[in-house]
Amino acid sequence: MAQSRFSLSPINARRWRNFKSNRRAYWSLWIFAVLFSLSLCAEFLAYDKPILVQYRGDYYTPIWKFYPETEFGGDFQTEAVYRDPEVQCLIKSGGLEDCFDDPEGIIERGEADEGKTGWMLWPLIPYSFDTAVDRPGAAPLPPNRQNLLGTDGTKRDVLARVIHGFRLSILFTLIVTAAASVIGVAAGAVQGYFGGWTDLIFQRVIEIWTSTPQLYVIIIMFAILGRSFWLLVGLMVLFGWMALVGVVRAEFLRARNLEYVRAAKALGVSNPTIMFRHMLPNAMVATVTMLPFIVTGTISSLAVLDFLGFGLPSSSPSLGELTLQAKQNLEAPWLAFTAFFTFAIMLSLLVFIFEGVRDAFDPRKTFL
């Protein structure tokens with residue numbers, strides 16, 4: 001019977017079976033996928049704007065679109081502040097003119113008049129990562145029913161910051177790891193395959209580049225260009241691509257004199273085809289072995305830079321900044337516990353997953 005278009009090749013099917021047989025890696029993948037998927041929908045979980053608003057029979061989606069206050073019967077052209085009792089009163093009462101005189105009373109009368117009432121569907125956590133919590137007391141505030149993980153030193157909800165910060169850290173890490181891996185694998189393959197002067201010159205360039213102080217370069221570039229997400233991604237890739245060069249170079253140096261490579265050259269196969277179609281799959285085990293270190297190192301580097309104040313812009317949700325908040329507020333242990341368990345769970349799941357991927361690519365390991 002013809003093989004289905006979407007079925008796996010025999011070797012990939014074996015790798016998938018090996019990965020599933022590693023129960024720790026398999027369940028870590030599921031847990032991480034669920035957590036990451038939820039974080040991708042962070043605006044539906046923790047945000048300071050309603051998901052959906054019904055006003056006078058029309059529906060609005062404030063999390064995606066800008067609506068001025070005048071859209072709901074207010075006086076200002078600025079965006080409606082949906083947490084403001086007066087704006088809530090306008091929406092619930094259908095935009096009655098005397099709403100500002102007696103918000104509570106109008107809401108009650110509006111709710112009684114079903115023909116005019118509006119409503120708002122809020123996320124589970126009605127705070128974004130930068131929303132100031134309206135709670136009495138001095139910050140940081142301890143956990144309660146309103147803020148399950150408490151607030152930080154500026155009265156921002158910690159759970160909302162963790163959700164948004166988790167998404168930002170993972171996306172940042174995936175982008176940096178993917179870009180650095182492509183550059184590092186290509187550079188190592190060229191070095192190992194051609195050898196000679198190519199390898200010698202590349203090695204001297206890498207030795208010079210690795211001696212460049214990464215933190216100083218980041219500080220200087222931020223001082224000149226300002227802090228931004230993509231600038232930090234570029235700088236991290238600029239210094240991170242060398243992590244895979246050594247292992248890929250060694251595998252290509254070992255394999256370039258093997259019989260199948262010589263046979264391919266004798267048949268006139270092009271160098272790029274030999275390198276990336278025939279030799280690279282055999283070097284994948286060593287490459288995948290290094291990925292957990294690159295991923296965890298990127299997350300740790302981002303957290304350290306944020307902790308020192310040289311990471312993402314201050315307006316971004318940052319797990320490293322949460323760690324700094326824990327250091328500055330020792331009387332608030334919930335900050336330290338939250339930062340510790342967030343990093344511990346995230347890094348452990350990623351390490352377990354990549355361990356399973358490494359074993360799945362290793363032809364010498366077969367799980368029952």
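Please read these numbers as outputs of a predicted model, since none were measured by experiment.
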Could you verify whether a donor N or O on one side chain and an acceptor N or O on the other, from Q77 and E69, lie under 3.5 Å apart? no
Give a yes or no on this: more than 12 heavy atoms of other residues, nucleotides or ligands lie within 6.0 Å of atom [atom1] of [X].
{"X": "K20", "atom1": "NZ", "answer": "no"}
{"X": "W27", "atom1": "CH2", "answer": "no"}
{"X": "D134", "atom1": "CG", "answer": "no"}
{"X": "Y260", "atom1": "OH", "answer": "yes"}
{"X": "R277", "atom1": "CZ", "answer": "no"}
{"X": "F293", "atom1": "CZ", "answer": "no"}

For V247, enumerate each residue passing the side chain to side chain contact (heavy atoms under 4.5 Å, CB included) test, keeping only those at least two apart in sequence or located in another chain. L244, A286, M290
Are L324 and L335 connected in the hydrophobic side-chain network, where two residues link if heavy atoms are under 4.5 Å apart? no
May I ask you to check if R161 and F129 form a cation-pi contact, with NZ or CZ under 6.0 angstrom from the six-membered ring centre and within 45° of the axis? no
Charged N to carboxylate O below 4.0 Å: is that the case for [X] and [Y]?
{"X": "K65", "Y": "E79", "answer": "no"}
{"X": "E321", "Y": "R156", "answer": "yes"}
{"X": "R358", "Y": "E355", "answer": "no"}
{"X": "D48", "Y": "R83", "answer": "no"}
{"X": "R262", "Y": "E259", "answer": "no"}

Take S128 and T131 through the test side-chain hydrogen bond (donor to acceptor under 3.5 Å, both in side chains) and record every step on the way to the result. CA-CA 5 Å; S128 186; T131 306; 4.6 Å; no
Of F76, Y59, Y60, Y82, the one forming a ring pair (Phe, Tyr, Trp, His ring centres under 6.0 Å) with Y67 is Y60
Flag, side chain of T177 to backbone of L174, donor-acceptor distance under 3.5 Å: no
Report the C-alpha distance between D359 and N22 in whole Å, list the side-chain angles of each, state the deciding distance to 0.1 Å, and finish with yes or no for side-chain contact (heavy atoms from CB on, under 4.5 Å). CA-CA 9 Å; D359 293 341; N22 189 333; 3.9 Å; yes
